Amino acid sequence: QVQLVESGGGLVEAGGSLRLSCAASIRTLSRYCMGWFRQAPGKEREFVGGISRFGTNTRYTDFVKDRFTISRDNAKNTVYLQMNVLKPEDTAVYYCAADSVLLSDVVTPNPREYDYWGQGTQVTVSS
């Protein structure tokens, strides 16, 4: 059974930074493209960004571009989301997800394409 566990969330002031981690109990993490999503109260879950199997490609949604950076360490079975210049509108529960890709190495923003999800970690940005 694949498990994803996010950590690193918390309360931060606007303009601050947080680094989220996603620890995966996956034998071969490099088989998966990894994505980060978030869900604010009363809103749908939305794509934040993702990283290809070996980290060669990343994809971000416009509202986090140039502020957030996704990286991965397959040897440690961990994916990271570095969040800088945080804004109150970044407040949400953040989820990591794994997309089991067989031959492609394309990061998809479609949550239905992801096979495994973590339980989420709360990020709250105060103004």
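Only a predicted model underlies this, so the values are computations on that prediction, with no experimental measurement involved. Residues: numbered from 1 along the sequence shown.
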Answer with yes or no whether the hydrophobic clustering places [X] together with [Y]; edges join I, L, V, M, F, W, Y residues whose side-chain heavy atoms lie under 4.5 Å apart.
X     : Y      : result
Ile26 : Ile70  : yes
Leu4  : Leu18  : yes
Tyr95 : Val48  : no
Tyr60 : Val106 : no
Val12 : Trp36  : yes

Approximate separation, where rounding is to 0.5 Å, of [X] [atom1] and [Y] [atom2]:
X      : Y     : atom1 : atom2 : answer
Thr124 : Asp90 : OG1   : CG    : 11.0 Å
Gln39  : Glu44 : CD    : CD    : 8.5 Å
Asp105 : Cys33 : CG    : SG    : 4.5 Å
Met34  : Thr58 : CE    : OG1   : 14.5 Å
Arg53  : Leu29 : CZ    : CG    : 10.5 Å
Thr69  : Met83 : OG1   : CE    : 11.0 Å

Considering residues, nucleotides and ligands other than Asp66, do more than 12 of their heavy atoms fall under 6.0 Å from its CG? no

Is any side-chain heavy atom of [X] closer than 4.5 Å to a side-chain heavy atom of [Y]?
X      : Y      : result
Leu81  : Arg38  : no
Asp99  : Asp115 : yes
Leu20  : Glu6   : no
Phe63  : Lys87  : no
Gln82  : Ser17  : yes
Phe68  : Thr61  : no
Tyr80  : Asp73  : yes
Val125 : Glu89  : no

Show the nearest heavy-atom pair for residues [X] and [Y], with the distance to one decimal.
X      : Y      : answer
Ser21  : Thr78  : CB-CG2, 4.3 Å
Glu113 : Thr108 : CB-CG2, 3.5 Å
Pro88  : Ala14  : CD-CB, 4.1 Å

Identify, with sequence neighbours excluded, every residue that meets ring-ring contact (aromatic ring centres under 6.0 Å, His included) alongside Phe37.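 Listed in chain order: Phe47, Tyr114, Trp117.
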
Please step through side-chain hydrogen bond (donor to acceptor under 3.5 Å, both in side chains) for the pair Arg72 and Asn74, ending with a clear verdict. CA-CA 6 Å; Arg72 65 190 294 162; Asn74 288 341; 2.8 Å; yes

Kindly write out the residues that satisfy disulfide (SG to SG under 2.5 Å) with Cys22, not counting sequence neighbours, or none if the list is empty.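 Partners of Cys22 under the disulfide (SG to SG under 2.5 Å) test: Cys96.
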
Can you list the residues that meet the side-chain hydrogen bond (donor to acceptor under 3.5 Å, both in side chains) rule with Asp62, with sequence neighbours excluded? Lys65

Who pairs with Thr28 by side-chain hydrogen bond (donor to acceptor under 3.5 Å, both in side chains), at least two apart in sequence or on another chain?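 Per chain and number, Thr28 pairs via side-chain hydrogen bond (donor to acceptor under 3.5 Å, both in side chains) with no residue.
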
Residue pairs fulfilling disulfide bond (SG atoms under 2.5 Å apart) with at least one residue in residues 34-65, sequence neighbours excluded: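 Every candidate disulfide bond (SG atoms under 2.5 Å apart) pair involving residues 34-65 fails, so no pair, neighbours aside, qualifies.
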
Using the side chain to side chain contact (heavy atoms under 4.5 Å, CB included) criterion, which residues pair with Ser126? Sequence neighbours excluded. Leu11, Glu13

